[in-house]
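Note that these values count all heavy atoms, side chains included, but never hydrogens, waters or copies made by symmetry. Computed from a predicted structure; not experimentally measured. Residue numbering restarts at 1 for every chain, and letters A, B, ... go by the order of the sequence lines.
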Amino acid sequence: MKERINILISGIGGQGIRTIANLLSKTFLQSGYYIYSTFNKTTRIIGGINSVKISIGIKEINYSEESIDILISLSNKILDRDRDLVVEGGLLILDGDKKFEDGVLTLPLEKLAKGSGSRQFINTVLLGAIMGIFKLDITSINNSFLREFAKKGVEVYNENLKAAQIGYKQTIDEGYLEYLEPALIENNLLITGSDSIVYAIVGSGCQTLFANPIPVARRFLDLMNEFSEEFPIICDASESDASAIFKGLGASYTGVKSMVVVSDSGFLHLCDGLAYSGMSEIPIVVTVIQSPGPSIGMPTKTEQNNLLSSIFSGNGEFARVIYAPGTHQECFSLTYKAFEISSNYNIPVIILLEQILAETVKNLPMFNLDDIRRPRDHFTRKQLTEVKEYKTYKVTNTGISPRLFPGQTDLPVKVNTFEHNDDGYISADAEIRIKQVNKRALKEESIMNEFIPPEFYGVEKFDILFVGWGASKNVIKRVVDLLRSEKKKVGALLFTQMYPINPKKIKKYFRRTKFIVNVENNSSAQFAKLLKMIGGIEFNLNILRYDGLPLTPEYILRKFKDAKK
Amino acid sequence: MKERINILISGIGGQGIRTIANLLSKTFLQSGYYIYSTFNKTTRIIGGINSVKISIGIKEINYSEESIDILISLSNKILDRDRDLVVEGGLLILDGDKKFEDGVLTLPLEKLAKGSGSRQFINTVLLGAIMGIFKLDITSINNSFLREFAKKGVEVYNENLKAAQIGYKQTIDEGYLEYLEPALIENNLLITGSDSIVYAIVGSGCQTLFANPIPVARRFLDLMNEFSEEFPIICDASESDASAIFKGLGASYTGVKSMVVVSDSGFLHLCDGLAYSGMSEIPIVVTVIQSPGPSIGMPTKTEQNNLLSSIFSGNGEFARVIYAPGTHQECFSLTYKAFEISSNYNIPVIILLEQILAETVKNLPMFNLDDIRRPRDHFTRKQLTEVKEYKTYKVTNTGISPRLFPGQTDLPVKVNTFEHNDDGYISADAEIRIKQVNKRALKEESIMNEFIPPEFYGVEKFDILFVGWGASKNVIKRVVDLLRSEKKKVGALLFTQMYPINPKKIKKYFRRTKFIVNVENNSSAQFAKLLKMIGGIEFNLNILRYDGLPLTPEYILRKFKDAKK
Amino acid sequence: MDELNLNSGPSWCGSCPNYPFLTSFKEAIEKLHFFVKDFVCVMGVGNSAQLSHYLDCNFINVPPGQAFSAATGIRMANHDLNVIVISGDGDLLSTGINSFIHSARKNINITVLVQNNLVLCSSQGYPSPTTPVEFQNKFQNCNLFEPVSIIKIALASGASYVARGAVARSDHLEELIIKGIKHKGFSVIEIIQPCSQVFDFGTIMEITDQFQNIDDENSEPDNLPKAYAIAVDKTRIPIGLFFRSIQSTFRSKFPLMIDDSLISQGISRKKLDAYFQKLLKP
Amino acid sequence: MDELNLNSGPSWCGSCPNYPFLTSFKEAIEKLHFFVKDFVCVMGVGNSAQLSHYLDCNFINVPPGQAFSAATGIRMANHDLNVIVISGDGDLLSTGINSFIHSARKNINITVLVQNNLVLCSSQGYPSPTTPVEFQNKFQNCNLFEPVSIIKIALASGASYVARGAVARSDHLEELIIKGIKHKGFSVIEIIQPCSQVFDFGTIMEITDQFQNIDDENSEPDNLPKAYAIAVDKTRIPIGLFFRSIQSTFRSKFPLMIDDSLISQGISRKKLDAYFQKLLKP
Ligand SMILES: Cc1ncc(C[n+]2csc(CCOP(=O)(O)OP(=O)(O)O)c2C)c(N)n1
Ligand SMILES: Cc1ncc(C[n+]2csc(CCOP(=O)(O)OP(=O)(O)O)c2C)c(N)n1
Ligand code: SF4
Ligand code: SF4
Ligand SMILES: [Mg+2]
Ligand SMILES: [Mg+2]
């Protein structure tokens with residue numbers, strides 16, 4: 001029996017495929033299925049051809065597949081590429097007189113919509129029809145429709161319900177597809193990677209979010225704005241990426257935690273702030289959403305291309321930590337880790353997100369706030385009442401200078417973008433310089449001990465090792481599973497802490513491995529370069545993808561098998 | 001006999017040590033000596049304690065030494081550190097009643113100055129006194145004084161001449177120092193590394209210079225402004241570093257060559273432009289002047305700390321070339337090379353300059369314009385009259401798409417920051433993306449063939465290899481000489497092309513070397529990291545300096561001998 | 001005009017005000033009798049940047065906020081090109097405002113057309129710095145801030161031609177564009193064209209009803225205080241020429257560039273050789 | 001006041017106008033009865049940034065142009081702190097002008113003191129965007145551009161308190177600073193203090209002679225057109241309050257922040273738990 005069904009809905013921007021995708025996902029979730037849904041946009045403007053792929057399953061779904069079980073076109077335009085991906089026994093749904101032939105199901109969607117009152121109901125009719133195909137309970141949509149259409153009034157709600165029912169009747173009695181028994185999961189949310197990060201932001205006690213309102217940051221701004229209605233939070237649509245990080249640094253100087261979100265070349269406008277964080281030792285957490293570059297590139301697509309630039313951008317030398325979450329769950333856990341490390345060490349921490357993970361919708365149990373260790377202030381309440389002297393850049397044996405906040409005591413807090421003495425005053429003295437550089441460098445040593453080792457997946461005694469990072473985690477795991485089913489001895493090493501990497505903690509995996517494969521969603525094998533720099537590791541094969549689309553198990557396997565030929 | 005004499009003059013900003021240093025250097029040059037003169041500033045503002053060290057010699061001088069032969073303080077304040085560096089038989093000159101005892105010569109500078117009309121003449125009196133010590137011809141200053149004081153009138157000129165003569169008389173009859181026979185060089189200029197670059201800029205036919213008027217870019221702006229009085233050149237003091245590079249890119253789009261100058265964290269504001277140059281394939285040449293970071297750091301000091309950030313900054317992946325000149329002559333030759341490579345390949349090229357080289361004054365024979373190959377346009381005149389169709393991003397087998405300029409023909413030139421098709425129109429298509437990425441990447445292969453190999457210096461059969469880059473070139477050569485004089489088998493490999501590095505061209509030096517020493521003016525051994533990434537090279541010792549001062553032979557030897565103990 | 005043609009599929013909503021803008025723009029270019037050789041369009045990133053889809057002329061798309069710098073560089077290097085910046089309200093009022101101010105003050109002879117759709121279209125209709133207070137609410141809880149006036153900023157920057165047009169007044173707009181391009185100096189034309197997705201028909205009509213042509217009352221538009229007085233008047237939306245003055249342009253300050261452009265001159269090797277030799281003279 | 005003390009050796013010329021500025025500033029702080037707890041100084045890079053050398057209070061030096069953003073972030077997070085930006089003419093009119101405009105429009109309650117020495121002191125006296133035309137000549141051959149007016153930009157940005165003072169009028173300056181800091185909203189005070197190295201004594205006296213106090217003629221300074229009219233008047237250098245208006249500040253738009261600041265509230269774990277649970281409800 002099938003474990004998952006992949007539905008691809010394509011349409012022209014403005015036809016509301018995002019709305020229908022949302023409603024469908026919610027409905028399937030309520031009916032107890034696992035959900036995994038990704039968008040493929042060519043443009044953010046209402047107008048271009050966009051598509052959404054919703055996978056529903058009876059087990060957790062963690063990655064996108066290329067194959068399509070149900071292909072639906074709202075514009076009746078089907079790309080050849082998509083048609084070729086429809087599996088044996090799959091279904092193609094188009095608008096037209098009702099007919100079912102050679103796997104193509106035409107339904108009078110527009111006609112029925114007009115019959116329900118307006119062409120606009122076409123989405124709802126389709127939703128009903130899909131529910132019918134899956135034999136879901138049509139009444140289960142009542143609640144979600146209520147929420148969706150509440151603002152528009154009871155009439156709109158009723159009309160939509162009716163339209164859904166009309167669609168439902170078209171398909172409920174026929175068995176177009178193999179039946180998929182729901183898993184009956186409960187208490188799950190449908191969230192994107194971005195959502196996970198926002199929950200962790202708020203969970204960590206962070207009270208400010210600054211972002212230039214770029215398209216991919218919309219979700220961060222919108223969700224954080226919702227929180228700000230009930231919590232003391234400021235969510236600022238900043239006038240530029242540079243202003244976003246310096247506002248964040250200003251807030252952080254006062255002791256309020258801060259998150260900054262940027263994407264593509266917007267990252268370049270942050271680097272001044274990163275270097276400043278390095279010098280001033282004001283902590284900051286930044287989420288960088290990657291899309292294909294250079295420059296503006298393809299802002300609606302995905303890539304893993306800011307690894308080396310995240311590590312090395314900024315003038316001069318300073319400690320930083322970089323995480324690249326691989327799953328929705330890790331978006332949550334690495335974000336609160338980011339706040340912890342950033343606050344403890346007074347450094348900038350980057351969450352290197354990929355567009356695909358930022359926007360993919362998935363079901364997940366609600367996060368548990370108890371998992372979060374909220375970072376502590378460096379001075380306890382008691383210490384605050386006792387402290388008599390304060391030096392912002394006090395030289396200590398950990399390199400960490402405890403942070404006091406302006407207004408917290410009677411002692412002034414002095415912070416500088418110039419090199420400074422321990423008091424925070426500008427200095428160009430050679431000896432003071434050496435002390436402060438050494439102090440800052442000292443932090444790097446302790447940070448190295450907090451390295452989160454990569455996850456190993458596969459057989460202990462492997463011949464072939466796949467190495468990957470970030471959002472390709474589950475895709476590579478799937479590849480390992482598939483190759484193991486072919487009796488290959490395969491393992492995978494999946495990184496989420498990208499910098500610094502502790503070479504001692506990874507050496508053992510590479511020592512006697514016969515064939516090491518690097519898998520990256522970029523064109524220059526950035527991670528392979530990094531591992532060579534850090535651990536002298538040489539790869540036998542690079543599997544790279546840089547056409548704007550995410551890695552898939554099929555893509556990796558094809559490239560792997562081509563190379564092994 | 002001594003080959004060089006090092007004179008250190010210190011004073012408070014505003015006391016005019018820069019003027020006296022200039023006059024002294026010119027006078028010594030005219031008398032036939034070699035000159036090498038460096039400033040050590042703590043602040044750019046008139047007020048902080050600054051010093052200048054002028055070395056004069058009978059052979060070419062290429063590096064700074066720590067030892068001092070003559071130490072002069074205009075404020076009568078001597079730093080202990082400086083005093084300790086005065087050699088046996090050296091001279092310390094202070095203001096006071098005339099006396100010579102234990103190597104300390106006090107001269108009534110202020111009194112004599114006042115006698116000449118004003119306290120302000122103190123510099124000129126001192127100049128005369130130094131000329132007396134070296135037994136230079138006092139009339140040789142007539143010309144330089146004429147130029148220096150021309151604007152202020154003949155009276156000022158005469159008064160200064162008189163003051164110099166008064167100083168001269170104080171010392172001409174005594175033999176305070178060992179005599180240094182001049183070399184009698186002729187037709188030499190006194191120039192800084194910055195000056196060399198500006199001469200090469202203009203020599204290459206570049207007609208625009210854009211720079212935020214940061215202190216270290218002043219010399220670029222001032223000199224280029226001088227050229228603009230006689231040549232069709234626009235020298236723009238830009239409102240920000242970002243605007244500087246985008247103005248440069250605008251000019252370059254029209255076919256006019258362009259140079260942008262930045263320093264310290266200003267580099268971070270360029271990266272958007274670098275990435276844009278990568279995507280748009282509009283060439284640009286950038287000079288980055290390095291000073292200690294992160295952030296503003298110590299803007300008056302020197303460091304080699306933007307190597308990795310120059311290579312990896314920018315979102316996404318694109319070709320670039322990075323040169324780090326090691327001498328004044330290389331400032332010239334690598335700058336015209338930069339224009340050649342940039343124009344031929346339509347890429348950004350970075351000249352990674354160090355503050356110490358940017359500002360050190362040295363004598364040099366005038367440059368020969370015949371050395372310069374001015375880059376050619378991609379279309380010949382004849383082709384221009386014939387071209388019927390133009391695609392900005394035409395896919396070719398070199399990856400280079402020939403450049404046409406707007407207005408040059410009837411064909412439009414379309415350029416984009418988004419990924420694009422070969423016409424220049426925005427595209428998010430996966431296949432087009434792959435073609436354009438591959439096209440751009442192809443350029444990197446040919447560029448690799450133009451790699452300028454490092455200079456080797458020392459014995460062919462060496463046991464110990466020093467590796468260095470940029471402005472430490474001559475310092476390291478001196479270290480090699482000194483160690484060879486101790487019968488050590490030492491060689492040095494001195495890089496000027498920092499990226500890309502062709503691993504094949506450097507392998508042989510590392511193959512059987514017993515002890516490899518990396519020497520850098522930074523705290524994290526950036527070049528060692530790069531060489532490990534590129535060639536798997538491991539170093540036995542890192543000699544690093546990061547107190548804002550330049551590397552010296554003495555410093556390197558001390559660290560080397562400490563480590564070998 | 002043939003040179004300006006639709007290149008690829010549409011990327012704007014069918015009812016987007018960019019279409020009438022494009023028509024007015026093309027008409028203006030046609031009436032100016034420009035050939036491909038004669039002009040360059042400089043665009044940033046945003047909905048307006050997608051305009052390049054529809055243009056078959058010299059164009060350059062640059063990252064957000066950098067259009068003014070790029071345009072300035074182009075014009076400095078080759079003043080035989082008419083340089084037209086097509087920017088959005090969001091693009092103008094971001095990072096690029098710095099260069100906008102400085103190019104205005106230097107009176108660089110370029111023309112800036114600001115497609116003010118009162119939102120960040122490309123950020124799915126997020127409020128821009130020009131979104132009227134009553135519509136910001138839709139997106140951002142309770143952060144309701146006074147919109148920035150592009151006209152006021154342009155006047156304060158020293159732009160020598162400052163006008164406002166509207167796609168709903170196409171003939172007038174066309175005329176403003178033509179005059180702006182012909183103006184010798186830095187010219188700015190704000191174009192009111194509310195996004196038809198974010199604002200409903202009624203709202204757009206309401207805005208249109210407030211348009212008031214000022215060309216008669218401001219018939220001698222070289223009076224800066226008057227221009228400001230009109231600009232701060234909130235009882236209406238003034239349309240027309242706020243300010244124009246004939247001032248020396250950037251180029252006029254460079255004796256060597258008054259006639260021939262940089263690119264047409266180049267640097268003479270011979271002259272440079274002589275100059276270098278001269279430097280050696282003591 | 002004891003809290004503000006000379007820290008390290010002097011870094012300004014002996015005759016630098018920064019010294020009288022510092023005196024006025026300290027007097028103002030003293031008269032406001034501020035303790036260390038009560039205020040933060042935010043500075044960029046430049047001569048004015050060296051001011052931190054002379055301060056023993058909360059301060060933060062940031063890279064060029066970023067002072068307005070940093071100040072905004074500080075104020076958003078902790079509105080119990082009075083936030084005072086001390087900027088230079090060059091610093092203000094560079095990258096940072098974008099944030100200046102946006103913080104002004106949002107009426108963030110901070111005070112901006114612009115030390116306008118009419119040059120870039122820290123670039124060894126290079127002309128700044130405010131250098132009068134007749135002095136630019138000294139440095140840049142023939143690129144003589146109209147200076148930018150900080151007052152005009154401040155007015156156009158929507159600042160709710162706009163004034164100009166001069167170190168040569170110290171009592172008046174002090175008063176303007178005190179009022180500016182007390183003003184509830186975004187306040188800007190341009191301070192004319194020509195660099196004593198670049199401008200000779202005669203020039204400085206000439207400038208001083210042109211000062212004219214506008215406080216009487218503009219006694220009800222809530223009239224924007226009038227403020228502009230005074231600002232564009234080139235027959236004199238108006239000194240005093242150009243504009244002031246009582247508008248709702250940034251904070252007043254956030255019901256949850258009207259009383260207590262972000263930092264004093266924090267995010268209640270319990271409340272958040274409840275909120276998370278609520279999200280699960282279908
Ligand atoms: C580096 C970078 N900065 C910012 C953005 C986001 N961005 C692109 S265009 C734009 C706003 C454009 O607004 P406007 O100029 O009004 O154009 P519109 O789309 O409304 O026509 C923004 C915020 C981005 N994608 N990349
Ligand atoms: C990243 C960077 N950008 C720019 C500069 C140069 N810079 C520093 S301060 C400054 C101008 C400051 O001028 P102003 O604000 O008028 O201050 P002043 O020194 O005149 O008091 C400039 C151009 C720099 N050092 N680093
Ligand atoms: S959203 Fe508005 S501005 Fe954007 S394309 Fe559609 S109508 Fe035009
Ligand atoms: S140069 Fe001018 S502004 Fe700078 S410290 Fe000296 S007097 Fe002050
Ligand atoms: Mg807009
Ligand atoms: Mg200044």
Side-chain angles (χ1 to χ4, degrees), chain A residues 30 143-144 187-189 199 202-203 205-208 210 227-234 236 238-240 242-256 258 272-273 275-276 280 366-367 369 374 405-418 423-427, chain D residues 3 7-8 11 35-40 42 44-45 49-50 52-53 55-63 65-78 80-81 83 95-96 98-99 101-102 254 256-257 260-263 265-269 271-273 275-277 279-280 282:
Chain A
Q30 263 174 49
N143 270 330
S144 49
N187 277 342
N188 268 232
L189 288 172
Y199 291 138
V202 182
C206 166
Q207 294 176 276
T208 54
F210 299 97
F227 275 105
S228 79
E229 285 186 45
E230 306 211 12
F231 296 92
I233 278 173
I234 284 181
D236 181 72
S238 305
E239 52 272 23
S240 68
S243 75
I245 191 165
F246 279 98
K247 284 180 190 172
L249 287 158
S252 183
Y253 167 62
T254 72
V256 161
S258 193
D272 198 13
Y276 179 66
S280 68
M366 190 63 208
F367 300 110
L369 284 174
R374 280 201 191 174
F405 307 126
Q408 209 180 15
T409 69
D410 287 327
L411 301 167
V413 181
K414 297 159 189 168
V415 154
N416 229 312
T417 175
F418 287 92
D423 278 323
Y425 288 105
I426 300 172
S427 165
Chain D
E3 269 96 294
N7 165 261
S8 50
S11 62
F35 293 104
V36 162
K37 266 180 185 274
D38 297 325
F39 73 109
V40 176
V42 185
V45 168
Q50 304 275 336
S52 59
H53 267 307
L55 297 177
D56 187 19
C57 63
N58 291 308
F59 71 73
I60 166 168
N61 271 41
V62 296
Q66 308 301 352
F68 312 103
S69 297
T72 299
I74 293 170
R75 181 73 194 180
M76 283 176 169
N78 184 350
D80 296 325
L81 293 168
V83 182
T95 323
N98 176 27
S99 303
I101 294 172
H102 283 86
F254 292 82
L256 291 177
M257 255 77 69
D260 295 329
S261 70
L262 287 193
I263 186 136
Q265 294 186 69
I267 291 181
S268 148
R269 188 116 173 190
K271 230 182 116 183
L272 195 60
D273 255 329
Y275 188 89
F276 273 23
Q277 283 314 312
L279 288 174
L280 276 180

- Take R374(A) and I267(D) through the test side-chain contact (heavy atoms from CB on, under 4.5 Å) and record every step on the way to the result. CA-CA 11 Å; R374(A) 280 201 191 174; I267(D) 291 181; 3.9 Å; yes

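- Rounding to the nearest 0.5 angstrom, the gap separating the CG atom in L280(D) from the CG atom in N187(A) is 5.0 Å.
- Minimum heavy-atom separation, L55(D) to Y425(A): O-OH, 2.5 Å.
- Interface residue T208(A): only side-chain heavy atoms are found under 4.5 Å from chain D.
- Atom-to-atom distance recorded for F68(D):CZ and S243(A):OG is 12.5 Å, nearest 0.5 angstrom.
- Heavy-atom pairs under 4.5 Å with chain D peak, among G424(A), P232(A), G255(A), at P232(A).
- With a 4.5 angstrom heavy-atom cutoff, I245(A) does not touch chain D via any of its atoms.
- Ranked by heavy-atom pairs under 4.5 Å with chain A, the list T95(D), D260(D), V45(D), D38(D) is led by V45(D).
- Proximity to chain A involves both the backbone and the side chain of D273(D), based on heavy atoms less than 4.5 angstrom apart.
- Annotation: ring-ring contact (aromatic ring centres under 6.0 Å, His included) contacts of F231(A) (sequence neighbours excluded): Y275(D).
- In this structure a side-chain-to-backbone donor-acceptor pair under 3.5 Å is present from Q207(A) to L262(D).
- Note that OG of S427(A) is 8.5 Å distant from NE2 of H53(D), once rounded to the nearest 0.5 Å.
- P406(A) is listed as a side-chain neighbour of L81(D), based on a closest heavy-atom distance under 4.5 Å.
- Residue contact with chain D, scored on non-hydrogen atoms closer than 4.5 Å, is absent for S252(A).
- Distance alone, capped at 3.5 Å, places no donor-acceptor pair between the K37(D) side chain and the P412(A) backbone.
- Taking the side chain as every heavy atom from C-beta outward, N61(D) and F418(A) approach each other to under 4.5 Å.
- The shortest distance between side-chain heavy atoms of N78(D) and V256(A) does not fall below 4.5 Å.
- If you take CZ on F246(A) and CD1 on I60(D), they are separated by 9.0 Å, rounding to the nearest 0.5 Å.
- For N58(D) (side chain) and V413(A) (main-chain N/O), a donor-acceptor pair under 3.5 Å exists by modelled atom type.
- If you tally non-hydrogen atom pairs under 4.5 Å between each of S69(D), A77(D), S99(D), G65(D) and chain A, the highest count goes to S69(D).
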- Test side-chain contact (heavy atoms from CB on, under 4.5 Å) applied to S52(D) and I426(A), step by step: CA-CA 8 Å; S52(D) 59; I426(A) 300 172; 4.0 Å; yes

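- Heavy atoms of V40(D) lying under 4.5 Å from chain A belong exclusively to its side chain.
- Residue contact with chain D, scored on non-hydrogen atoms closer than 4.5 Å, is absent for L249(A).
- Of the two parts of S261(D), neither the backbone nor the side chain holds a non-hydrogen atom closer than 4.5 Å to a non-hydrogen atom of chain A.
- Ring geometry for Y199(A) versus F276(D): interplanar angle over 60°, hence perpendicular rather than tilted (30 to 60°).
- At a 4.5 Å heavy-atom cutoff, the contact between Q408(A) and chain D is made by backbone atoms alone.
- Counting heavy atoms from C-beta on, the side chains of L272(D) and F227(A) come closer than 4.5 Å.
- With a 4.5 Å cut-off on side-chain heavy atoms, F59(D) and N416(A) count as touching.
- Considering only residues two or more places apart in sequence or on other chains, F210(A) meets the ring-ring contact (aromatic ring centres under 6.0 Å, His included) condition with none of them.
- Only the side chain of M257(D) comes within contact range of chain A, with at least one heavy atom under 4.5 Å from a heavy atom of that chain.
- Within the 4.5 Å cutoff, side-chain heavy atoms of K414(A) are placed close to those of D56(D).
- Chain A forms the most heavy-atom pairs under 4.5 Å with one residue out of Q265(D), R75(D), Q277(D), and that residue is Q265(D).
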